[in-house]
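Notes to accompany the following structure.
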Amino acid sequence: MAGHRAQWKGFLKVGEVSCGVALYTAASTSDRIAFNTINTATGNRVNRVFVDSETEAPVPKEDQVKGFELENGSYLLIDPEEIAATVPESNKTLEIEAFIPCGTVDDVYFDKPYYLTPDKTSSDAFALLRDGMKGDKVAAIARTVLFRRMRTVLIRPHGKGLIATTLQYDYEVRSSKKAFESLPKIKIEHEMLDLAKHIISTKIGEFDPATFDDRYEQALAALVKAKVDGKSLPKRKKVEVSRPNDLLAALRESAGLSTKSDDKPNRTAANANKGVGRQRAARGAGQKSASSKAAPQRKAG
C-alpha cells in the first residue's frame with residue numbers, strides 16, 4: 001500500500017503452502033483534531049512529568065519501574081528485563097489453525113482490523129488462498145505474535161485482498177447476561193409488532209459510511225476556524241424535545257396510520273352527537289312546555 005507503512009511483515013501459512021504478507025492499519029484516528037495542553041501564563045506547551053504520589057517530587061525515568069499492586073496496598077516491583085523475558089518468541093508466521101463458516105464469530109470479540117496484502121513474490125499463493133476462501137464462504141482462524149503479544153486473528157476475504165481482525169480473548173469480553181439480567185419479560189402485542197415490522201420495512205437501506213458525518217469533529221473544526229479568523233464562536237443548535245407519547249400511538253404515527261385528518265371525523269361525530277342531544281333536549285323541553293300550557297284548559301269531569 002503506497003504511502004502507508006506496514007505494521008507487521010511475515011508469512012501466512014496453511015499446511016505446506018505459505019506466502020509473504022504484510023499487515024496495514026485499516027482504521028486510524030490520526031486525522032482527528034488533536035489539542036495540546038498549554039500554560040496560559042506563558043503560552044508554552046506543558047510536558048507530562050511523573051511525580052511521587054506521597055512526596056510529589058519528580059521521578060526521573062531511570063528510577064521508574066513497573067509495579068503490581070498487592071491486596072495490602074503495597075507494590076511488587078517488576079524489572080523491565082523480567083517483563084521483556086515474558087514476551088513470546090515470534091516466528092513471524094500467521095499459521096492458519098482452522099477454517100470456519102463466515103459470520104460465526106460474534107463481533108463483540110472483534111478488536112482491530114488490518115489489511116492483509118501479499119509481497120511481490122507471493123501473489124499466486126495469496127490469490128489461491130483468497131479465492132478458495134471466497135468459494136467456500138469461510139474465514140480462517142490464525143495465531144501469531146503481534147506487537148509483543150500472542151494474538152488470535154480472524155482472516156476473511158476482502159475485495160482483492162484479505163482483512164485480518166485481531167480478536168479479544170474470552171476473559172476480556174464481559175458476559176451479556178449481567179448487562180441484560182434486569183430487563184423485564186415483555187410480551188409485545190400483535191398490532192405493535194406488525195407496526196414495528198412495517199416501519200422497519202420502510203427504512204431498509206444499505207450501509208454507506210460516507211453518509212455518516214462526525215459532527216463532533218466538524219464542530220471542533222468550526223471552532224478552530226472561528227478562533228483563527230477572530231469571529232464569534234458558532235452557536236449550538238437548540239435541541240427539540242419530542243412530545244411524550246404512548247408507544248402504540250407513536251408506532252401508528254410513525255407508520256402514517258395516525259394523522260390529524262384522521263382525528264377530525266371522530267371529533268365531528270362527537271360534536272354531531274352532542275348537537276342531536278341538544279335538539280332532542282329542546283324538543284323535549286318544548287313538549288313539556290306545551291303540555292303545561294294545555295293543562296289549565298282541561299275541565300274536570
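Positions are given from 1, in the same order as the sequence printed here. For the numbers below, each heavy atom of this structure counts, side chains included, while hydrogens, waters and symmetry mates do not.
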Single-linkage hydrophobic cluster Leu167~Leu162, side-chain heavy atoms < 4.5 angstrom: no
Separation between NZ of Lys13 and SG of Cys19, rounded to the nearest 0.5 Å: 12.0 Å
Atom OH of Tyr216 with >12 non-hydrogen neighbours under 6.0 angstrom: no
For Ile141, the option from Ile155, Ile96, Leu154 that meets side-chain contact (heavy atoms from CB on, under 4.5 Å): Leu154
same_hphob_cluster(Val14, Phe11) at 4.5 Å side-chain heavy-atom cutoff: no
Heavy-atom check, side chain of Lys92 versus side chain of Lys9, under 4.5 Å: no
Residue pair Glu217 / Ile33, side-chain heavy-atom distance below 4.5 Å: yes
Test item: Tyr114 and Thr25 side chains (from C-beta on) under 4.5 Å apart, heavy atoms: yes
pair Phe147-Thr166: side-chain heavy atoms closer than 4.5 Å: no
Nonpolar side-chain network containing Ile200, other nodes, edges under 4.5 Å: Ile204
Co-membership, hydrophobic cluster, residues Phe110 and Tyr171, 4.5 Å side-chain: no
Cluster overlap Val46 with Val49, hydrophobic side-chain contacts below 4.5 Å: no
Counterpart residues, salt bridge (charged side-chain N to carboxylate O under 4.0 Å, His left out), relative to Asp111 (two or more places apart): Arg151
Side-chain donor-acceptor contact under 3.5 Å, Thr165 with Arg156: yes
Any Leu23 side-chain heavy atom under 4.5 Å of Leu116 side chain: yes
Shared hydrophobic cluster, Val153 / Val21 (ILVMFWY, side-chain heavy atoms < 4.5 Å): yes
